[in-house]
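Read the structure below first, then the notes.
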Amino acid sequence: MRLSLWNRIPTGATRCTMMARMSRSGYASLWRAVIRKPRVTLFVSGILSAVGCAAVPAAAFAANNPYWNPGPPWAPLVPKSGEMLEISDLFWIVLVLSAIIFLFVAVFMIHNITRYTGKDGDPDPPQVFGNQRVELLWTLIPVVVLLGAFIATVKAIHDINTPEKGPSLDIRAIGHQWWWEFQYPKYAIDTAGEVHVPAGYNIHFHVESNDVIHSFWTPQLQRQIDANPAEDNAVFVKLDQPGIYSGMCYEYCGAGHSWMKYRLVVQPYNQFIKWVHQQEQPAAKPATSLQARGKSIFTSSTCINCHAITGVSGGAVGPNLTHLASRWAIGAGAAPMNAAAIAQWVQNPYQFKQGVLMPAYPLFSKQDLNALAAYLMSLK
Ligand code: CUA
């Protein structure tokens with residue numbers, strides 16, 4: 001709109017005159033209003049900033065997919081692990097300290113401005129040069145405050161980077177564009193988008209990346225940490241409360257970044273072991289003719305180049321599908337786990353997830369897609 005209007009304006013001198021007229025009428029009068037009413041401007045811009053600051057996270061919260069529950073934007077302030085409690089405690093200490101200092105400075109400043117502003121004709125105020133006691137005070141107070149914050153921070157960093165005593169479990173969390181792979185070195189498990197951990201265990205996440213830099217974070221449970229290629233970054237966390245927690249990639253890593261989510265499921269130990277046994281099973285055999293047809297479509301298409309199904313195919317580019325249907329979602333949270341969504345995903349994954357590296361398969365017939373979806377949904 002602006003471009004086409006601009007193109008309609010004649011070139012050369014006429015354009016310059018028009019520009020000058022525009023700035024005189026528009027920007028100049030706005031600027032005059034700002035100069036004339038600085039208090040109104042300050043008030044209005046303050047209100048607008050406050051509304052903006054509140055509206056952006058609120059809109060992001062409201063616009064979320066109904067089956068994906070990331071928790072409220074303030075999730076890190078509702079900690080569900082000792083590690084996250086320590087981080088949020090530190091946040092509150094620093095926030096309250098900063099608020100006290102801010103209030104003190106603001107009140108002191110407003111008092112001085114209103115009390116000591118001179119009027120026309122007032123005599124010059126007495127000239128003071130230096131005050132050792134005051135200067136010492138305003139050097140020592142920040143030193144003490146910053147030293148306190150520094151010590152509390154170092155203590156928190158040390159605590160959350162030290163594994164607690166007790167049983168432990170290692171899990172590799174590998175970032176891919178754009179999904180998380182989870183491997184359990186102790187068990188023969190390679191899964192995606194969903195990680196299960198036993199309650200009461202010290203979990204040692206080995207955070208790595210397969211391509212670019214990602215960031216691994218479950219806001220209510222653990223510190224944020226970068227996933228770098230060829231690096232093993234450690235996160236220790238002990239989770240006592242069973243529950244389902246949401247996490248995602250927190251570092252922009254390309255077009256599919258916003259759909260790089262995962263679910264972290266904390267379970268009592270016996271339930272966790274049940275999940276482990278189920279995940280260690282070989283892939284389910286087709287039980288109906290529709291599923292058998294779906295399997296033959298899978299094995300005769302390029303699906304096998306990227307996806308592994310134990311005993312069926314060995315691709316290692318995309319997520320392992322051996323127990324696909326046991327997970328909460330497809331596309332790292334971009335679409336729900338059901339046959340209709342799988343069929344639509346195979347036909348055109350871009351409709352769910354921008355930039356996804358899996359190609360679309362528009363040439364599969366409706367029957368083929370249904371058979372493929374029926375087979376994949378049988379992989380519990
Ligand atoms: Cu991976 Cu953002």
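Just follow the structure's listing: the first ligand is 1, and inside any ligand the first atom is 1. Note that these values count all heavy atoms, side chains included, but never hydrogens, waters or copies made by symmetry.
- Nearest N, O or S atom of Glu251 to atom 2 (Cu) of ligand 1: atom O.
- Nearest heavy atom pair, residue Ala329 against residue Met337, reads O-CE, 3.3 Å.
- Between Asp170 and Pro185, the shortest heavy-atom distance links the atoms O-CD, 3.4 Å.
- Ionic pairing of Arg223 and Glu83 is not present here: no N-O contact between side-chain nitrogen and carboxylate oxygen is shorter than 4.0 angstrom.
- Taking atom 1 (Cu) of ligand 1 as the apex, the angle formed with SD of Met260 and SG of Cys249 is 110°, to the nearest 10 degrees.
- Taking atom 2 (Cu) of ligand 1 as the apex, the angle formed with ND1 of His257 and SG of Cys253 is 120°, to the nearest 10 degrees.
- Among the atoms of Tyr252, no N, O or S atom falls under 2.8 Å of atom 1 (Cu) of ligand 1.
- Ala341 and Asn338 make their closest contact through N-OD1, 2.7 Å (heavy atoms, listed as atom of the first residue, atom of the second, distance).
- Of all N/O/S atoms in His214, ND1 sits nearest atom 1 (Cu) of ligand 1.
- Taking each heavy atom of Gly130 and Glu135 in turn, the nearest pair found is CA-OE2, 3.9 Å.
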